[in-house]
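Fair warning: this is a prediction, and the values are worked out from it, not measured in the lab. Values below: all heavy atoms of this structure, side chains included; hydrogens, waters and symmetry mates excluded. Every chain is numbered from 1 and lettered A, B, ... according to where its sequence line falls, protein lines coming before strand lines.
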Number of protein chains: 2
Amino acid sequence: MNDQNPEPATTEHYIGIGELARESGCKPETVRYYEQIGLLPSAPRNEGNQRRYTTATIRRLTFIRHARDFGFSVEAVRELLQMADYPAMPCEEVDTLAKRHLAEVEARLARLTSVRDELQRMINQCAGGSVGQCHIIDVLSDHRLCHQTGPHGGADVIG
Amino acid sequence: MNDQNPEPATTEHYIGIGELARESGCKPETVRYYEQIGLLPSAPRNEGNQRRYTTATIRRLTFIRHARDFGFSVEAVRELLQMADYPAMPCEEVDTLAKRHLAEVEARLARLTSVRDELQRMINQCAGGSVGQCHIIDVLSDHRLCHQTGPHGGADVIG
DNA sequence: GTAATACCTATAGTCACTAGAGGTTCAAGT
DNA sequence: ACTTGAACCTCTAGTGACTATAGGTATTAC
């Protein structure tokens, strides 16, 4: 993950931000954003002030993108990157981070599942009449009509 | 009790923003925010410029809170509220909105489930060695090690 | 009367980007 | 060599849905 070499050791092929973005599955804006917040090191520039990357950066960015896809926060990704940068370190911390994240994901899954069940139930009961008799509106108006016992969890958990 | 209500039809009991918030499960700040963006109408004020609510507002706010809990966006909630305000309307639109939302929820569920499986698999394979051999880092570094075929979906879908 | 609590407005901050304005540089074709 | 057009640059502001803070006023309990 240590990759910012403006020195071309051989005729190594440098890529621009567009290709880097394509290769790693994000947008150039996002790459610049990641550089800005320090997830990526400042890229070396060519004569015309444009960022030049090596293929090593594709790997680092893929790592970031992948971790984000897994739902890790940017701060968690920052920690993961730091760990990955020191491969001799024991992986306990990484493991802990992943386990904590798994717990969060499972909690979300549980809530989202109950939301799905409730939505399905609401839709199935809709007789196609007027809004006044609509079960969807009913359920949303009155918590007691829910099959769930507690709250569904904050909206932030889902959306 | 300085009870100068805007509309004292009878001795109906008006409540403050704190009680409204408690009753409906959100914070006073959120109530004011909802008023600001027009999800709640401007509340009448007492002599001291403080918002006074009737119990009807508890229901409306509960509706909003509930719909948000179900993952509906604020804009969707706005639409739902408009529909609920006209009970004679056919509920087709409400139904459509709910169904569209169900589809989104199901897509999220699918992605979140695959993320959970992957995280679990990663954690199970971690032998507790050094970061260099850690499967978690491996999986995050290299997309090909994933059991999933495609991308997991954007981070916005999950977190 | 006083002290604690609840309330008010207005503004800025959060997260993780995304979009736009307004300019410069690069690569390809003529 | 010139021209077009895509890609790139910086800087700033906007998104969604709140949340927090500062600095004040009102209400309530004792």
Of all residues at least two apart in sequence or in a different chain, which pass the side-chain contact (heavy atoms from CB on, under 4.5 Å) check with Glu19(B)?
->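 Testing Glu19(B) for side-chain contact (heavy atoms from CB on, under 4.5 Å), a comparison that skips the adjacent residues, returns His13(B), Ile15(B), Arg22(B), Glu23(B).
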Could you pull out all residues at least two apart from Arg32(B) that satisfy side-chain contact (heavy atoms from CB on, under 4.5 Å)?
->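 Counting only residues at least two positions away or on another chain, Arg32(B) forms a side-chain contact (heavy atoms from CB on, under 4.5 Å) with Ile17(B), Pro28(B), Glu29(B), Arg51(B).
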Review item, side-chain donor-acceptor pairs of residues 86-93 of chain A, under 3.5 Å, at least two apart:
none

Set out, line by line, the N/O atom pairs under 3.5 Å between protein and nucleotides 24-26 of chain C.
from    : atom 1 : to       : atom 2 : distance (Å)
dC26(C) : OP1    : Gly48(A) : N      : 3.3

For [X], all residues meeting side-chain hydrogen bond (donor to acceptor under 3.5 Å, both in side chains), sequence neighbours excluded:
X	value
Asn124(A)	none
Gln50(B)	Arg52(B)
Tyr33(A)	none
Arg60(B)	Asp85(B)

Spatial distance of atom OG1 (Thr62(B)) from atom CZ (Arg65(B)) [nearest 0.5 Å] =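 Between Thr62(B) OG1 and Arg65(B) CZ, I get 10.5 Å after rounding to 0.5 Å.
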What is the distance from [atom1] of [X] to [atom2] of [N], rounded to the nearest Å?
X	N	atom1	atom2	answer
Ile15(B)	dT28(D)	CD1	P	14 Å
Arg45(B)	dC8(C)	CZ	P	6 Å
Ile37(A)	dC17(C)	CD1	P	7 Å
Ile64(B)	dA17(D)	CD1	C1'	13 Å

Let me check something: any side-chain donor-acceptor pairs from residues 74-83 of chain A under 3.5 Å, sequence neighbours excluded? List them with distances.
from     : atom 1 : to       : atom 2 : distance (Å)
Glu75(A) : OE1    : Arg78(A) : NE     : 3.1
Glu75(A) : OE2    : Arg78(A) : NE     : 3.3
Glu75(A) : OE2    : Arg78(A) : NH2    : 3.2
Arg78(A) : NH1    : Ile37(A) : O      : 2.8
Arg78(A) : NH2    : Ile37(A) : O      : 3.2

When you check the phosphate oxygens OP1 and OP2 of dC18(D), does a side-chain N or O of Arg68(B) lie under 4.0 Å from one of them?
->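 Yes, such a contact exists.
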Given dC7(C), is OP1 or OP2 found less than 4.0 Å from the side-chain N or O atoms of Arg51(B)?
->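 So the side chain of Arg51(B) is outside the cut-off, no N or O lying under 4.0 Å from OP1 or OP2 of dC7(C).
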Proximity to DNA chain D (any heavy atom under 4.0 Å), residues of residues 20-35 of chain B only =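 Correct list: Lys27(B), Thr30(B), Tyr33(B), Tyr34(B).
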Closest approach of Ser24(A) and Leu20(A), non-hydrogen atoms and distance?
->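 Reported closest heavy-atom pair: OG-O, 2.7 Å.
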Earlier contact from the 5' end, DNA chain D, for Ile17(A) and Val74(B) =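 With Val74(B) and Ile17(A) compared, the 5'-side residue is Ile17(A).
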Listed by chain and number, what are the salt bridge (Lys or Arg N to Asp or Glu O under 4.0 Å) partners of Lys99(A), not counting sequence neighbours?
->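 Lys99(A) satisfies salt bridge (Lys or Arg N to Asp or Glu O under 4.0 Å) with Asp95(A) once adjacent residues are dropped.
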Degree of bending in the helix from dG1(C)-dC30(D) to dT30(C)-dA1(D) once both end axes are built from five pairs, to 10° =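 Here the helix ends are tilted 0° relative to one another.
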